[in-house]
Structure formats: structure tokens, C-alpha cells
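Below: the structure, in C-alpha cells.
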There are 2 protein chains.
Amino acid sequence: MILTVTLNTALDITYRVQALRPHASHRVSEVTERPGGKGLNVARVLAALGHEVTVTGFAGGATGRVIQDRLTSTPGVIDALLPVSGATRRTIAVVDERTGDTTQLNEPGPAITPPEWSAFQEAYEDLLASADAVALCGSLPPGVPVGAYAGLVRTARAAGVPVVLDTSGEPLRRGVAARPDLIKPNADELAELTGSHEPLRATQDALRRGARAVVASLGTDGLLAAAPEGRWRAAPPARVHGNPTGAGDSAVAGLLSGLVEHLPWPDRLTRAVALSAATVAAPVAGEFDRRVYEELLERVAVTSGVNAA
Amino acid sequence: MILTVTLNTALDITYRVQALRPHASHRVSEVTERPGGKGLNVARVLAALGHEVTVTGFAGGATGRVIQDRLTSTPGVIDALLPVSGATRRTIAVVDERTGDTTQLNEPGPAITPPEWSAFQEAYEDLLASADAVALCGSLPPGVPVGAYAGLVRTARAAGVPVVLDTSGEPLRRGVAARPDLIKPNADELAELTGSHEPLRATQDALRRGARAVVASLGTDGLLAAAPEGRWRAAPPARVHGNPTGAGDSAVAGLLSGLVEHLPWPDRLTRAVALSAATVAAPVAGEFDRRVYEELLERVAVTSGVNAA
């Protein structure tokens, strides 16, 4: 199975309002809810691709119960979230029906106690024993040490399990130094890590910092990959219009599935780009449009041998 | 005991953000949650004044469970909310820390099925048997007929229980025609009911429409009351600064407690104004500052014999 870790799970709530005006009162016309946090999004896409996935991390309070109830009814996903005393955070996306723009309100997440963090590390080590690969995804909740991902990367490497790290800021900086098999920063995260806004140069720098491979997601420009096996660019045939929420998580799912299936790099990148674009095209945020995905698999352009600037 | 009815209960959530900017992503710095809906707010104030209160209405889903858990730990309040298949709504107040202004997002509430509405009407009739007074408060959730309050007023009158109606729009218009003992509209609700923006004239009109007594809340100008026993104005000695959320509900609690204690009208109005102002003065939305309340009880000015324009 593939293991995904989401330390700061979320109940993702979407509100539609006619027009968002600060200091006014708004009647929400439509409410949707789903389990969120990057690792849960990655798991859902992997399961839709036919993989067995186990999700771990933390869940607590009334929001945590909602998430776990929903996961139980998601085929192919095994819930191994650990209970915590605090309540799982909510994220609220307020969609303005007039403009289509989204305003995001993110709760910080529950404070994790030292015994809860210790219990997680033990459970994680046990789960790795039956994992073909692991993805460490998203932000850290309060109370989890900033070097947490570095430790989890080392534990995975010691267990011989390939490890993908998808986070940002200081947790990414520290995690990279522990030598993960793959990181998947977006342009901003890569620039923050390396200090360079030039993707080729920044990717090189990220390799030097310890990542075995780097796949940078450059929005509508597709992916830029640097690995021991080579360098590639992969891009969709045309710009896809829609909601980019979850596109990066779908790319991680594509890369992970390609990794456990031992696909050549160009095929992994094709899958990641096709899934990512099919997620942008889907009407529901974070879902992917299977027809678009299958069409794009034939049409993603992969260029090899990209040179550093 | 005093019975309060809240058909559209809510989980009231308050978020503090540094500055609310449409289309941006915000980190919420502080989250607070409490059971809401006008009837629950009225009940909390009545309980704080030492009355036994029973709350009824609907609760469902994860949000409903949170509300019921919290009510269980509120001294003096008995939870008689009925379970429904839909989920109790959330209301989100986003407080801008820079300006102190609030942006409100209100979910519509669960759809109530005809069997759920029938079950409520039966439970309500049973609860009236031991009620000294009943307050019908707030908006109607989807599925509840617009004439719902008219029916509930008639049931209370048939049972000989004094009934206070605090709602707005068409539910208020229909409810008034069923002859409630008291309505407590604010200036906007009164104008919507009567078509007149002149409070004295509008109050007279509301009496003609069927209300036995009308207490109009005029914001910082205090209360204007018209009853068979006379007419009064009641106002705080000075403008109180703070958050007006819940001030109207505290006024209803003051009027209800005065009613069951058979206080003369001026004393009921004094209590209502003092509670209302003490709610504006309290740091937490919807709570009241007991010290301010007790001070104001001595200082509210009640003028009798107000003439219609």
C-alpha cells in the first residue's frame, strides 16, 4: 500500500455567496464539505487510480469525526488517523458567484501534545512496515516540532521506503536536508527554499540541499523535473481553465503512483501533468475529470535534457 | 419554567483575522464557538438571571451534537431540542482586528421534513404544559411552513401560556395575526411589518395587526413600549460602546423574566434596557456584563404616557 501523512488534516468547507462584501451580512446559498489536508487529497486521487492507500496523521473533535466518517465511506482508503484531544481545523473557501473568485479562511489547527506526537511517530513506524512508498504532506499543526518532517524522512529511509515530501517554509528546508527521494515544490515554495526565482537554477540548488529528485510545479507551464536519471519538462497541450485547488496534490498522486509502478520518469510526469490538468478542469474542487485525464495522457508533451541556466 | 423555541439553531463561530481582504487567503488567529440562534441566547441570559429554562427546536449533524454537548454543560438550561436528519447550520462572524468590523456568513440551515415538523409540534404542546411563558425566536429553517409561528402562537394561547414572538418578515406578519402577548421588533423589522418608519405610528399599527403588546428596540435610543396598561419609553443614561450582537436577545430575556415575575411594565423595561446595554458592554459577543447590568438597573430612565404621532 501507499501511505500518506497529513499532520494538519482539515474539514474543507466551501460557501457560495452572491458577492462577498467586507462588513456586510451574507446568506450562504450553498455549503459543501469534504475531508481535506494535502495528504487526504493525494490519497483520494491514488484510490481513484486503483491503489490501496492508508492515511495517517491526526483527527480530533467534532470536525475530526466528520472527516473520519467520510473516509470510512471512501473506497480504497484505509483510515489510520490518530485521535487527538484538540479539534481538527476547518478551512473555509468563500466563492463569490459574481466573479468566481475565492476568499480563504484557514483555522490554525489543534495544538498537538508531546505524548500525541510520540504516539504518532510509533504508529508511523509500524505503518511503514507494509508501505511501498510514503508521502509527507502539508503544514504542521501547533505543537509539532518544526523539524518533524526531517525525522519522518529519516525513519522512512531507514525502513527502505521511498519518501515524497510536499510542504513549504522551514519544515521543507529542514526536511530536504534529511534527503527525501522527491520534493514537489511550487514556484513560490521553491523560491522560498533556495532564494532563486529562476526555476532551473532553483531546482539545481534544491538537489544540492539534499533532495534526490525535484519536481517543480510551475502552474500552467507544467512540471520541471530533475532526478539522477535526467531532466525533463512536461506540459499540457493547452491551458486548462478551471479551479486550481488540489492540482498540486493530484500531481503528487501521479508521481507516487508512477514511482510504485516503477514507470520511467517521462511516464510519471505525463501522469502527473494529466491528473493535475484534469483536476483544474473538474467542476468540484479537488476532484479530477477522468475523461480529461485519459485524453491528456496521450497529449502531454515531455521534453528531456533541459539544461540549467 | 420558561420555554424558548429556536427552530433554526446555529453553531456561532467567531474568527479573528488581521485584515479581511476579498480573494486573499487568511490565517485565522483565534476561533471561538458557541451555541446560537436567538432562543438559545435568550435562554442563556434567563438562566444567568436564575430562571429555569427549557430550550426546544431542532438539532442535527456534527454541528448539532456540538450544540447539545455545550448546552448540557450550561447550568439552568434543559436541552429539549429534537433530532433532525439535516445538519444544524453554522454562522461565521469574521472580525477584522484592524478595524473591529465584522463580516457575517450565515448558512441557511437544514431542510426540515414534514414528519420532523409534526414531531416538533407534538413535543411543543407537551412542553407547554409545564411552561410559565414561551418565547418563539428567530428565522425558520427550510421546510418549515411560513405560517409556523402563527400556529405555535395559537397553541400557546389555547394552553393559557403567555407567548412572546421575536422574528421578522413574513413569519412575523403571519405570527402577529395569531395575537401573541408580545412582539419585540427592531426598527427595521417594525418598518417591514407596518410600512411605517415612524416608530410611534408603526407601534400603533402593530397593535392593530394583533399583538397584545409591542416593545420596539430602537438601538441606542432604547425601547418604545405599547401595551394595554400604557405606553413608555426606556433608555440607558448614556450610549454604551461595544458589540451589539445579542443585545436584542438580552432585551427579550429581560421582558420574559419580568413577565413571569409579574413585574410592573416600567420595571420590565428597565431590566430589558439594562440587560441589553450590559450585553453591548461585555467583551464576549452575546454575554452580558453583570456589574454594568446591576449599575444600570438604578439608572435607566423610563418615561410614561408617550403619545402617538
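Atom set for the values below is all heavy atoms of this structure, side chains included, hydrogens, waters and symmetry mates excluded. In the text below, chain A, chain B and the rest are named by the order of the sequence lines, each starting its count at 1.
- Sorted by first and then second residue, the ring pair (Phe, Tyr, Trp, His ring centres under 6.0 Å) pairs involving residues 55-114 of chain B (not counting sequence neighbours) are B:Phe58-B:Phe120.
- Counting heavy atoms from C-beta on, the side chains of B:Leu20 and A:Leu105 come closer than 4.5 Å.
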Can you pull out all donor-acceptor pairs below 3.5 Å that join chain A and chain B?
| from | atom 1 | to | atom 2 | distance (Å) |
| --- | --- | --- | --- | --- |
| A:Tyr15 | OH | B:Glu107 | OE2 | 2.5 |
| A:His23 | N | B:Thr103 | OG1 | 2.7 |
| A:Ala24 | O | B:Gln104 | N | 3.0 |
| A:His26 | N | B:Gln104 | O | 2.8 |
| A:His26 | O | B:Asn106 | N | 2.8 |
| A:His26 | ND1 | B:Gln104 | O | 3.0 |
| A:Val28 | N | B:Asn106 | O | 2.8 |
| A:Glu33 | OE2 | B:Arg90 | NH1 | 2.9 |
| A:Glu33 | OE2 | B:Arg90 | NH2 | 2.6 |
| A:Arg90 | NH1 | B:Glu33 | OE2 | 2.9 |
| A:Arg90 | NH2 | B:Glu33 | OE2 | 2.5 |
| A:Thr103 | OG1 | B:His23 | N | 2.7 |
| A:Gln104 | N | B:Ala24 | O | 3.0 |
| A:Gln104 | O | B:His26 | N | 2.8 |
| A:Gln104 | O | B:His26 | ND1 | 3.0 |
| A:Asn106 | N | B:His26 | O | 2.9 |
| A:Asn106 | O | B:Val28 | N | 2.8 |
| A:Glu107 | OE2 | B:Tyr15 | OH | 2.5 |

Pairs of donor and acceptor atoms involving the side chains of residues 140-147 of chain A, under 3.5 Å and at least two apart or interchain, shall be tabulated with distances.
none

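- Contact annotation for B:Val95: neither backbone nor side-chain heavy atoms come within less than 4.5 Å of a heavy atom of chain A.
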